[in-house]
Amino acid sequence: METIKIKKSGPLHGSIRVSGAKNAILPILAATLLTEDECIIHEIPQLEDVFVMYELLENFGAKIEKIDENSVKIQTKKIVSCTAPYDLITKMRASFLVMGSLLSRTKNAMISMPGGCAIGSRPIDLHLKGFSSLNVNIKSNNGFIEASTEELKGNTIYLDFPSVGATENIMMAACLADGITILENSAEEPEIVDLANFINSMGGKIEGAGTGTIIITGVKKLHATEYTVIPDRIEAGTYMIAALVTGGKLSIENLNVNHVQSVIAKLKEVGADITEKGNSITVTSKGQLKACDIKTLPYPGFPTDMQAQFMTLLSMSEGVSIINETIFENRFMHVNELRRLGAKIKIEANSAIIDGPITLSGAHVKATDLRAGASLILAGLVSEGETIISDVYHIKRGYSNIVEKLKKVGANIGYFNI
Ligand code: EPZ
């Protein structure tokens, strides 16, 4: 079985270039189905999730041609199937994002219901409510959602929760609809803005992305485009924490500094010294890190995808910190694994109370989900002795070349088969 083996590493020094954003490229790949023309996309991260999305698009008839390591040409001249099979959907929940595009392109979609995952039940009710508002008939049987419409019609939709996925799916279903769709209480994440910019680059008419009200004016057709995906703000935040927990100094390159302001604010609160310069950030610690409290919120609040990584940082910080996870109902799977390394964490309802600083000692631990795996890598860098992380496929889903990137700045890390 492939694992990641990490030995206690000294202070990390050097620079790390951030790859394209996983949570931007996945909806953008789904949106390539909106046109029969060719889309050229750059800065695609090399992730398992991206490869699963390629497989899904090819299942619908897409031709995907690699231009170089991080660029592809994608063209779906003809949709040959409107069904997304169970085995592909269960590999990656974000596959459900193809529903909006399939409806826009063919007025039909038959998608296996995505299961839950380690961090929560991950319902899709807001997606389906949005589609129904756009004149789509929804049926569910045999584990599939069957959606069809004579004609997609614009409407005003209010999201009970600013769901990222629902906002994206509804945008893709509304961009070729007849009339105008006003999406209220929409998610404001940078990845939403990236998707809207991508669709607009194809001739779409989406305004207000990045705010809580998005206005989508349906157009007749969308055309070819060439587009570069935004950098991954969560990958960037993860490496900022790697600099701090090892007492090193890292320059994180190729990121949009505006996308990480809530993370920077919290890192400064624990005692990080952060300098921003253009599209790079240099992070170093000013000595003993201090406890702080975190509450995860929809953007621009503190991102839930940085919660697990921060838990490792707060285990190294002096004092008692409280993390309140408000987005997912079960996103503390990493706590038991961090405890195996010696972390002192108590859970009360959806809050974690972390006592630090603690000297961690290496052990065999398991990545329970993508960001939990990242928190264990960070912990392994500072744990006495050796840490072995299994179920590394979770980590490969969302971090391209994380072992190579950390090794380059001095981490004692490598893949290891046991
Ligand atoms: C996206 O997931 C991200 N994934 C997640 O990143 C991220 O944690 C999440 O947004 C929140 O920021 C991708 O973009 C591929 P949501 P998504 O719909 O769209 C509830 C990572 O680590 N909800 O905003 O699934 C849901 O249960 C991953 O990179 C409903 O109730 O998140 C959750 O509690 C993990 N009904 C909350 O909303 C719905 O129909 C947020 O979910 C949809 C969601």
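Here the structure is a predicted model, which means the values were calculated and not measured. Side-chain atoms are counted along with the backbone in the values below, which use heavy atoms only and exclude waters and symmetry mates. First listed ligand is number 1; within each ligand, the first listed atom is number 1.
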Polar contact flag, side-chain donor to acceptor under 3.5 angstrom, [X]-[Y]:
| X | Y | result |
| --- | --- | --- |
| S351 | E325 | no |
| E184 | T213 | yes |
| H259 | N256 | yes |
| T238 | Y399 | yes |

Side chain, backbone, both or neither: which part of [X] comes within less than 4.0 Å of ligand 1 when only heavy atoms are counted?
| X | result |
| --- | --- |
| R93 | side chain |
| S163 | both |
| H127 | both |

Would L34 and M202 satisfy side-chain contact (heavy atoms from CB on, under 4.5 Å), going step by step from the backbone distance to the final call? CA-CA 9 Å; L34 290 166; M202 298 158 84; 4.2 Å; yes
Not counting sequence neighbours, which residues clear ring-ring contact (aromatic ring centres under 6.0 Å, His included) with F144? List them please. none
Closest to [atom] among [options] (heavy-atom distance):
| atom | options | result |
| --- | --- | --- |
| atom 11 (C) of ligand 1 | T326, T304, T296, I234 | T304 |
| atom 26 (C) of ligand 1 | P114, A21, P162, P123 | P123 |
| atom 35 (C) of ligand 1 | E329, R331, H394 | R331 |
| atom 7 (C) of ligand 1 | D160, L128, V164, D305 | D305 |

Within the 4.0 Å heavy-atom shell around I327, which atoms of ligand 1 are there? 33 (C), 34 (O), 37 (C), 41 (C)
For G165, counting its heavy atoms only, list the atoms of ligand 1 lying under 4.0 Å from any of them. 18 (O), 19 (O)
Strictly under 4.0 Å, does any heavy atom of E191 approach an atom of ligand 1? no
Below 4.0 angstrom, counting only protein heavy atoms, does anything approach atom 13 (C) of ligand 1? yes
Starting from atom 2 (O) of ligand 1, locate the nearest protein heavy atom and write down its residue, its atom name and how far away it is, to 0.1 Å. R122 NH2, 3.5 Å
Does ligand 1 come near enough to L126 that some N or O of the ligand is less than 3.5 Å from an N or O of the residue? yes
Within the 6.0 Å centroid threshold, strictly below: H127 and F96: yes
V229 vs D194, side-chain contact (heavy atoms from CB on, under 4.5 Å): CA-CA, chis, key distance, verdict: CA-CA 7 Å; V229 175; D194 213 26; 3.8 Å; yes
For Q307, which of H334, R331, K295 qualifies under side-chain hydrogen bond (donor to acceptor under 3.5 Å, both in side chains)? H334
